[in-house]
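So the structure is just underneath, and the comments pick up after that.
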Amino acid sequence: MFDAETYRDRRSRLRSSLDSGLILFLGHDESPMNFKDNPYRFRQDSSFLYFLGLDSPGLAGVIDVDEGREILFGDDPTVDEIVWTGPRTPFAEQAEAVGVSETKPTSQLAEVLTTAREQERAIHLLPPLRPQSVLELQRLLGLAPETIDEQVSRQLVRAVIDQRANKSNEEIAEIEGALEITWGMHTEAMKMARPGVREQEVAGAVEGIAVARGGALAFPVIFSVRGEVLHNHSHGNIMQEGDLAIHDSGGESPGHYAGDITRTIPIGGRFSERQKEIYTIVHTALDESIEAVAPGVPFRDIHLLASRRIAAGLGELGLMRGDVDEAVEAGAHALFFPHGLGHMMGLDVHDMEGLGEDDVGYDETTERSSKFGLGYLRLARALQPGFVITVEPGIYFIPQLIDRWRSEGKHEEFIDYERVEAYRDFGGVRIEDDVVVLDDGHRILGRPIPRAIEEVEDWASR
Ligand code: GLY
Ligand code: MN
Ligand code: MN
């Protein structure tokens with residue numbers, strides 16, 4: 001948690017972005033796995049954390065834009081509850097720690113909101129993500145669940161995204177804390193990834209490191225020799241000499257900021273010549289993309305730069321052909337690079353996506369493409385100082401996609417399907433780093449995690 005001043009300042013900036021009314025921040029509740037007393041690990045709502053800091057279930061906050069009043073709603077545990085879950089800092093003291101002086105029991109939230117509605121005051125809501133929150137809003141505001149989307153405050157969504165998108169130095173330090181955990185996760189995975197080892201042994205160890213260092217996972221571990229499955233969360237394969245494993249994972253800092261790193265590991269400790277060729281294209285695309293990160297540059301342009309690098313590299317190997325610019329314009333490279341180059345990162349690994357992917361990554365001057373591949377780009381708009389983003393090019397050979405495109409004769413002028421056949425069991429390569437945009441360029445965040453071929457081979461042979 002940051003100092004009370006940080007949260008006070010964030011709320012006062014938010015208040016000044018809105019015209020009038022009340023802002024309601026609903027914290028998350030416990031969520032049962034299979035019965036009530038067996039919940040998933042508690043994860044607070046990220047906007048609640050950002051503005052109100054408190055990391056426990058069952059809380060809500062109301063900010064009165066007109067009067068400047070701020071109220072936190074919550075309860076102290078009963079003795080019966082303390083018997084099971086232990087004592088807690090008194091709620092009023094918790095509120096003070098985040099700079100809020102007024103508290104009320106949760107039972108009074110409905111009344112405060114009802115009074116505001118009777119006075120015809122606006123109640124600004126963020127889009128609720130969890131079904132539990134939808135039901136809670138239904139109860140509190142008397143809204144039918146299917147109408148809640150219409151009640152979401154566009155003004156509030158925009159103001160929250162503007163604030164959360166620009167990371168302060170203390171937030172960057174938290175992200176670098178998450179990346180220090182992530183350094184441990186990735187170097188351990190490189191050492192463990194060997195022929196005969198099952199993927200789940202590595203995935204389990206990686207998750208253990210995140211927990212043992214006082215954090216958690218920022219998202220479920222991707223560790224698979226079937227790296228062409230972009231978000232592959234199954235870990236059942238036994239690794240074989242000559243496989244390539246994609247490892248995409250990140251720690252979450254104790255303050256709940258994310259890290260998100262991908263490395264591709266040769267099983268057996270050495271890349272084959274063919275693997276080196278594909279890896280080098282992706283690595284060059286990563287370096288050139290990061291080099292291009294600067295304020296004012298549309299991230300879509302950097303995505304297209306990476307796409308051209310990939311198309312050019314695959315052209316040199318004979319898998320693609322024709323004019324590189326034309327191939328990328330047509331979208332032919334998306335057979336091999338079907339996802340976006342990156343996304344914002346912060347309290348969420350895909351930062352603020354729960355508030356609306358287009359609101360975060362697009363603006364009035366940047367419209368989402370409908371093309372396969374480019375349409376998956378989560379962040380397209382111009383970069384600003386303080387944005388933290390991922391840069392994550394990849395090349396994949398997805399047999400089902402290759403078969404479909406080939407049978408349709410799609411982009412035949414740019415793709416040599418005959419040669420692509422020889423790669424259908426290749427898997428994939430992705431390399432991902434996290435970068436902050438600075439006034440005069442950028443900085444790669446965190447302790448460097450090996451990614452040059454020789455470095456990865458060295459760690460994978462330890
Ligand atoms: N870790 C998922 C992603 O890179 O977007
Ligand atoms: Mn990732
Ligand atoms: Mn990512």
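Atoms within each ligand, like the ligands themselves, are counted from 1 in listed order. Just so you know, these numbers come straight off a predicted model, no measurement behind them.
Ion pairing between a basic and an acidic side chain is recognised when a charged N comes within 4.0 Å of a carboxylate O; Glu277 and Arg274 show no such pairing. Between Glu174 and Lys167 no salt bridge is recorded (no basic side-chain N to carboxylate O distance below 4.0 Å). Between Arg154 and Asp359 a salt bridge is recorded (basic side-chain N to carboxylate O distance below 4.0 Å).
By the side-chain hydrogen bond (donor to acceptor under 3.5 Å, both in side chains) test, Arg406 pairs with Glu418, Glu421, sequence neighbours left out. Under the ring-ring contact (aromatic ring centres under 6.0 Å, His included) criterion, His442 pairs with no residue at all, not counting sequence neighbours.
Atom OG1 in Thr182 sits 10.5 Å away from atom CD in Glu252 (nearest 0.5 Å). Taking CD of Glu199 as the reference point, atom CZ of Phe223 lies at 6.5 Å (rounded to 0.5 Å).
Contact residues for ligand 1 (protein heavy atom closer than 4.0 angstrom to any ligand atom): Phe219, His231, Asp248, Asp260, His343, His350, Glu392, Glu432.
In terms of heavy atoms, Ile398 sits closest to Pro338 at CD1-CG, 4.0 Å.
Evaluated for a ring-ring contact (aromatic ring centres under 6.0 Å, His included) with Phe25, the options Tyr7, Tyr50, Phe51 yield exactly one hit, Phe51.
Each protein N/O/S atom under 2.8 Å from the Mn ion (ligand 3) was counted, for a total of 4.
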